[in-house]
Amino acid sequence: MSELLTNFSKKIEVDTIIRDTLDKVVVLRFGRASDLTCLQQDHILSKAARDVSKFATVALVDVDSEDIHVYVKYFDITLIPSTVFFFNAHHMKMDYGTADHTKWIGAFLSKQDFIDVVEAIFRGAMKGKLIVNSPLPPERIPKFQILYKDV
């Protein structure tokens, strides 16, 4: 299913989509094509990509690419898949009730969960917000223990 989505392995490609996509949410899934959870996430993203195409662009980013490591370090991507959202070149954050508001960690449980999150980010971004509340109930959000390095 991941072949239906755009794949990036170079920093310039990621920079370009973030910078040049206007009035749409940019959804970047950081992960590996060989990881089972990433494949599950890719399946959900590819099924939903058409439904959100009017207000979002979905792309996959390979964390094993040397050129991408600047993003991996910047967003502290230690668990995969991690999904990061942008709108008009601004990093969009969402309060999931977890310690990390910068990204979605893990796979979405359903296509509708993904659509709801992207739609909430789009609506908040159109109102000028950089952080929005999650539309999902807490039991539908994956929980991870996050340990911050060098803090």
Side-chain angles (χ1 to χ4, degrees), residues 1-96 98-108 111 113-135 141-142 144 146-151:
M1 283 294 176
S2 62
E3 60 272 357
L4 301 175
L5 299 171
T6 306
N7 288 286
F8 295 134
S9 59
K10 296 189 180 342
K11 181 183 180 298
I12 190 71
E13 296 169 330
V14 176
D15 291 343
T16 302
I17 194 170
I18 291 170
R19 185 186 61 239
D20 295 346
T21 304
L22 299 176
D23 295 331
K24 278 187 167 186
V25 176
V26 175
V27 180
L28 298 177
R29 190 279 287 146
F30 288 84
R32 293 182 185 90
S34 60
D35 184 76
L36 188 60
T37 310
C38 288
L39 291 174
Q40 177 187 355
Q41 176 81 324
D42 294 351
H43 180 69
I44 290 169
L45 296 179
S46 62
K47 285 194 317 186
R50 186 171 179 182
D51 295 335
V52 299
S53 64
K54 291 189 180 193
F55 56 91
T57 301
V58 182
L60 310 177
V61 182
D62 180 18
V63 294
D64 292 328
S65 172
E66 285 294 321
D67 208 18
I68 298 295
H69 277 278
V70 66
Y71 281 113
V72 172
K73 286 184 180 180
Y74 183 77
F75 291 114
D76 192 28
I77 297 173
T78 52
L79 298 172
I80 59 168
S82 289
T83 308
V84 183
F85 305 93
F86 295 90
F87 185 81
N88 289 347
H90 292 284
H91 180 211
M92 295 299 297
K93 299 170 186 76
M94 181 169 272
D95 184 357
Y96 306 106
T98 62
D100 190 358
H101 302 318
T102 61
K103 59 189 169 286
W104 177 274
I105 300 172
F108 288 94
K111 172 184 160 184
D113 286 352
F114 172 70
I115 292 170
D116 291 346
V117 165
V118 173
E119 187 176 358
I121 289 173
F122 177 74
R123 288 175 189 258
M126 292 302 285
K127 294 177 183 174
K129 296 180 180 180
L130 293 177
I131 186 166
V132 297
N133 290 320
S134 174
I141 299 171
F144 295 94
I146 299 174
L147 302 174
Y148 293 96
K149 298 179 196 173
D150 302 326
V151 176

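Owing to the predicted nature of the structure, the values given are computational and were not obtained by experimental measurement. Values below: all heavy atoms of this structure, side chains included; hydrogens, waters and symmetry mates excluded.
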Set of side-chain contact (heavy atoms from CB on, under 4.5 Å) partners for Ala59, sequence neighbours left out: Thr6, Phe8, Ile17, Leu28

All side-chain contact (heavy atoms from CB on, under 4.5 Å) counterparts of Ile12, not counting sequence neighbours: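 For Ile12 the side-chain contact (heavy atoms from CB on, under 4.5 Å) partners, ignoring immediate neighbours, are Lys10, Thr16.
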
Residue pair Thr83, Val27: steps toward the side chain to side chain contact (heavy atoms under 4.5 Å, CB included) verdict: CA-CA 7 Å; Thr83 308; Val27 180; 3.5 Å; yes

Determine yes or no for a side-chain-to-main-chain donor-acceptor pair under 3.5 angstrom, with [X] supplying the side chain and [Y] the backbone.
X: Asn88; Y: Asp23; result: yes
X: Lys11; Y: Val70; result: no
X: Thr21; Y: Ile18; result: no

CZ/Arg123: more than 12 non-hydrogen atoms of other groups inside 6.0 Å: no

Within 6.0 angstrom of Lys24 NZ, more than 12 heavy atoms from elsewhere: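 It does: Lys24 NZ has more than 12 such atoms within range.
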
Classify the ring geometry of [X] against [Y]: parallel below 30°, tilted from 30° to 60°, perpendicular beyond 60°.
X: Tyr71; Y: Phe30; result: tilted
X: Phe86; Y: His91; result: tilted
X: Phe122; Y: Phe87; result: perpendicular

Test log, rule side chain to side chain contact (heavy atoms under 4.5 Å, CB included), inputs Val25 and Val52: CA-CA 9 Å; Val25 176; Val52 299; over 6 Å; no

Any pair counted as salt bridge (charged side-chain N to carboxylate O under 4.0 Å, His left out), so long as it reaches residues 48-60, sequence neighbours left out: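 Only Asp51-Lys111 qualify under salt bridge (charged side-chain N to carboxylate O under 4.0 Å, His left out).
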
Result of checking Val72, Ile105, Val61, Ile68 against Ile77 for side chain to side chain contact (heavy atoms under 4.5 Å, CB included): Val72

